[in-house]
Chemist: 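I am attaching a structure below and will ask some questions about it afterwards.
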Amino acid sequence: MKFLTKIKYSLLKLIDLTGLTFLAPVVRLCYGEEPKVQLQKIGQWILVPVFGVIAFLILWHVTSGSIQTKSGTLPNPSQTWSGYKAIDTHAEREQMKKVAYELTGEERESRLAASEQKLEAVKVKVADANAAVTEAKEAVDAETQALIEPLDKDYKAKKEEYKVAAAERKEALIAKADQLPAGDAAAYDAYLKEVVAAEELYNAEKEELSALKKEIDKIREVKSPAVASALLEQTLAAEEEQFLKKQIELLGDRNKAIQIESATGKISESNQEFLGLTGKAAYDKARSIAKAESRLGKMEESEYAQPATIWYQVKRSILCVFTGFIIGTAIAIPIGILCGLNSTFMAAMTPFIAIFKPVSPIVWLPIALIIVSGLIPDPDNNPFIEFLWDLPFLGEYKINPAFIASAVTVALCSLWATLANTALGVASIDKDHMNVARVLKLGFFSRLFKIVIPSALPLIFAGLRISLGVGWMVLIAAELLSSSEGIGKFVWDQFNNGASDSLAKMMVVVFLVGIIGLILDRIMIVFQRMVTFEGSVSV
């Protein structure tokens, strides 16, 4: 019994530490603690949010069809989920291509045979999808034509009628103008009114024709769900076919092991030929062998050139935001401590804080790009960049000036909350603590690390939590504008892509960014509560 009680309190402490307090009533209910109260809390903090999410999804599904965009209607939850699966499938296939490039022996041959067999089935699938698209388009074209035909007929008839009427009015007015008595102001005024009325009638007829034309164009522009569905199936089938062809290629002639084996064989043959040559022929053959051996060396070190997938971009974005966050923290905490300790220093810093705090990341980013590009004009031959690329973990993310500029932008936009909270935390330290430090004759650094920072930690971490949230929001815009590989660039690429599922993929990113932001916030809550001494868990 004591063991179960210990587990209960351990779970409650963990829940409190992570900030997942909505789970506490579930644990208490499992232990039979005030069931009525716990059920009420479960209904309030779990069931009500769940119903809220369900209501949101229903509202989204109902209203999405009425929101028209240049790419069709706004994606509903089902289409957004399909967009997620497409993104994830692309990432999975790119990883499979990389594996295929490295495979050797019987496993390579087995995978090659399976892929070739699957390709034959997919070709049938592609043909069926193409036929379905043609059929859907023909049906929609016939339906559209049936709707447009009477309107088009009416448009052409009215256009001809109004054209003839306008010509007749013009001729009548010209004839009447020839009969105007010179100098008769009343007659000229009456004639002018007739001309104005004719122009107004002409404009009214023109607007009526324009309205008819817009109605016809609107019918033509309507995106058919049947065609969109058929096109999606066609795209998925074509992508699968393209993937299998590429995989077969990487398992076959373009496989790393096969290429190395072929190159090694050719070099061996060249060496045999070289032994029987003299003079210039021997020199040329020797050069050819040297070049072939150089290519073979590069081939042995080569890796599959995998394009950036969504999960790679997510990891790169997280790395970038933490880089900027650390830079910002390294700047904000020392300045915040000095501001909290010295009111004169705080007064000196106040104008800079007031001026730079409201500056948008869109302003900071170009400045950061210019400065970083000036310091690193040739990234491919820069020792610092080469050092970063050679590191075990960081090397795969290919840190470049755009990455550094984005991280600096994150730092410049996110440091202010940490700075302000640090200054407040230090300034709020109990004066008795500082007096005791003076009595004990503690040096500056002893006071700093034994009294000032420990006392201010709760507020410092509160500021860090806000800063990380701000940094995550800023990063997406920075990556989008700087074309640095990451979630922001993924959104921009989808915006420019214009494919039928691009909008759905962008909707996926909305939730992806929100979920990652939530996880980052939870992480900071854990750290914040680990150093909070009043009424919270301390570990």
Side-chain angles (χ1 to χ4, degrees), residues 59-76 79-80 130-232 234-235 492 494-507:
L59 181 64
W60 178 12
H61 180 80
V62 171
T63 58
S64 60
S66 60
I67 302 175
Q68 189 70 29
T69 72
K70 67 178 183 179
S71 301
T73 56
L74 185 72
N76 58 34
Q79 291 167 333
T80 302
N130 292 337
V133 168
T134 303
E135 184 180 345
K137 283 185 175 180
E138 286 175 353
V140 169
D141 288 344
E143 185 181 343
T144 303
Q145 189 59 34
L147 292 171
I148 288 175
E149 192 171 355
L151 293 173
D152 192 49
K153 187 176 180 181
D154 187 28
Y155 172 78
K156 289 177 180 177
K158 285 187 176 182
K159 185 177 181 181
E160 186 61 30
E161 178 188 343
Y162 294 156
K163 183 179 178 182
V164 172
E168 289 175 353
R169 288 195 299 268
K170 182 178 179 182
E171 289 177 5
L173 288 170
I174 291 172
K176 195 168 185 179
D178 291 336
Q179 298 174 3
L180 284 173
D184 189 342
Y188 274 89
D189 187 53
Y191 178 76
L192 180 60
K193 288 180 180 178
E194 288 184 34
V195 172
V196 171
E199 283 297 314
E200 288 177 352
L201 181 58
Y202 173 77
N203 289 332
E205 292 169 347
K206 190 176 178 182
E207 287 178 7
E208 186 180 351
L209 290 172
S210 178
L212 269 173
K213 183 69 174 172
K214 285 180 181 178
E215 192 174 349
I216 293 169
D217 291 341
K218 190 175 180 181
I219 293 172
R220 284 200 178 103
E221 289 171 2
V222 171
K223 303 284 185 181
S224 167
V227 172
S229 177
L231 284 171
L232 179 59
Q234 183 189 46
T235 301
W492 185 244
Q494 292 303 319
F495 175 78
N496 289 319
N497 186 17
S500 57
D501 62 345
S502 291
L503 186 54
K505 290 178 180 178
M506 285 191 276
M507 293 294 293

Chemist: Write down the atom of Trp60, the atom of Thr80, and the distance for their closest heavy-atom approach.
Modeler: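 Looking at all heavy atoms of both residues, the closest pair is CZ2-OG1, 3.3 Å.
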
Chemist: Give a yes or no on whether the backbone of Ala157 and the side-chain of Glu160 come within a donor-acceptor separation of less than 3.5 Å.
Modeler: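 No, Glu160 side chain to Ala157 backbone: no donor-acceptor pair under 3.5 Å.
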
Chemist: Rounded to the nearest 0.5 Å, what separation is found between the CD atom of Glu168 and the NZ atom of Lys163?
Modeler: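 If we round to the nearest 0.5 Å, Glu168:CD and Lys163:NZ are 13.0 Å apart.
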
Chemist: To the nearest 0.5 Å, how far apart are CD in Gln494 and NZ in Lys505?
Modeler: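 It comes to 5.0 Å.
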
Chemist: Grab the two heavy atoms, one from Lys159 and one from Leu209, that are nearest each other, plus how far apart they are.
Modeler: N-CD2, 3.7 Å

Chemist: Between Asp154 and Leu212, which heavy-atom pair has the shortest distance, and what is it?
Modeler: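 The answer is OD2-CD1, 4.0 Å.
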
Chemist: Kindly give the heavy-atom pair with the smallest separation between Pro181 and Tyr188, and that separation in Å.
Modeler: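 Answer, listing the atom of Pro181 first, then Tyr188: O-CE1, 3.2 Å.
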
Chemist: So do Asn76 and Val62 actually touch side chain to side chain, heavy atoms under 4.5 Å?
Modeler: no

Chemist: Looking at CD of Glu135 and CG of Asn130, how far apart are the two atoms once the value is rounded to the nearest 0.5 Å?
Modeler: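 Glu135 atom CD to Asn130 atom CG measures 13.0 Å (nearest 0.5 Å).
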
Chemist: Tell me, yes or no, whether the heavy-atom count around Glu194 atom CD, taken from other residues, nucleotides or ligands under 6.0 Å, exceeds 12.
Modeler: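 Yes, because the 6.0 Å sphere around CD of Glu194 holds more than 12 heavy atoms from other groups.
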
Chemist: Hey, is the main chain of Ile216 close enough, under 3.5 Å, to the side chain of Tyr155 for a donor-acceptor pair?
Modeler: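 Not a single qualifying donor-acceptor pair exists.
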
Chemist: Take atom CD in Glu208; do more than 12 heavy atoms of anything else shown fall under 6.0 Å from it?
Modeler: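 It does: Glu208 CD has more than 12 such atoms within range.
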
Chemist: Working to the nearest 0.5 Å, report the span between CD1 of Ile148 and CD of Gln145.
Modeler: 6.0 Å

Chemist: With a 4.5 Å cut-off on side-chain heavy atoms, are Asp184 and Leu180 touching?
Modeler: no

Chemist: Please report the interatomic distance NZ(Lys218) to CG(Leu147), rounded to the nearest 0.5 Å.
Modeler: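 Atom-to-atom, Lys218:NZ and Leu147:CG are 13.0 Å apart.
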
Chemist: Go through Leu503 and Phe495 one step at a time and tell me if the side-chain contact (heavy atoms from CB on, under 4.5 Å) criterion holds.
Modeler: CA-CA 7 Å; Leu503 186 54; Phe495 175 78; over 6 Å; no

Chemist: Would you check if the side chain of Asn496 reaches a backbone N or O of Trp492 as a donor-acceptor pair within less than 3.5 Å?
Modeler: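 Side chain of Asn496 to backbone of Trp492, a donor-acceptor pair under 3.5 Å: yes, one is there.
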
Chemist: Under 4.0 Å between a Lys/Arg side-chain N and an Asp/Glu carboxylate O for Arg169 and Glu205?
Modeler: yes

Chemist: Should Val133 and Val227 count as side-chain neighbours, where that means a heavy-atom distance under 4.5 Å?
Modeler: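 A side-chain contact under 4.5 Å is absent here.
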
Chemist: Show your working on side-chain contact (heavy atoms from CB on, under 4.5 Å) between Thr63 and Leu74 and close with a plain yes or no.
Modeler: CA-CA 9 Å; Thr63 58; Leu74 185 72; 6.0 Å; no

Chemist: Give a yes or no on this: more than 12 heavy atoms of other residues, nucleotides or ligands lie within 6.0 Å of atom NZ of Lys156.
Modeler: no

Chemist: How many angstroms lie between atom CD1 of Ile219 and atom CG of Asp152, to the nearest 0.5 angstrom?
Modeler: 10.0 Å

Chemist: Starting from the C-alpha separation in whole Å, work towards a yes-or-no answer on side-chain contact (heavy atoms from CB on, under 4.5 Å) for Lys206 and Tyr162.
Modeler: CA-CA 8 Å; Lys206 190 176 178 182; Tyr162 294 156; over 6 Å; no

Chemist: Hey, does the side chain of Ser64 reach the backbone of His61 with a donor-acceptor pair shorter than 3.5 angstrom?
Modeler: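 Yes, the answer is positive, given that a donor and an acceptor are paired below the 3.5 Å cut-off.
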
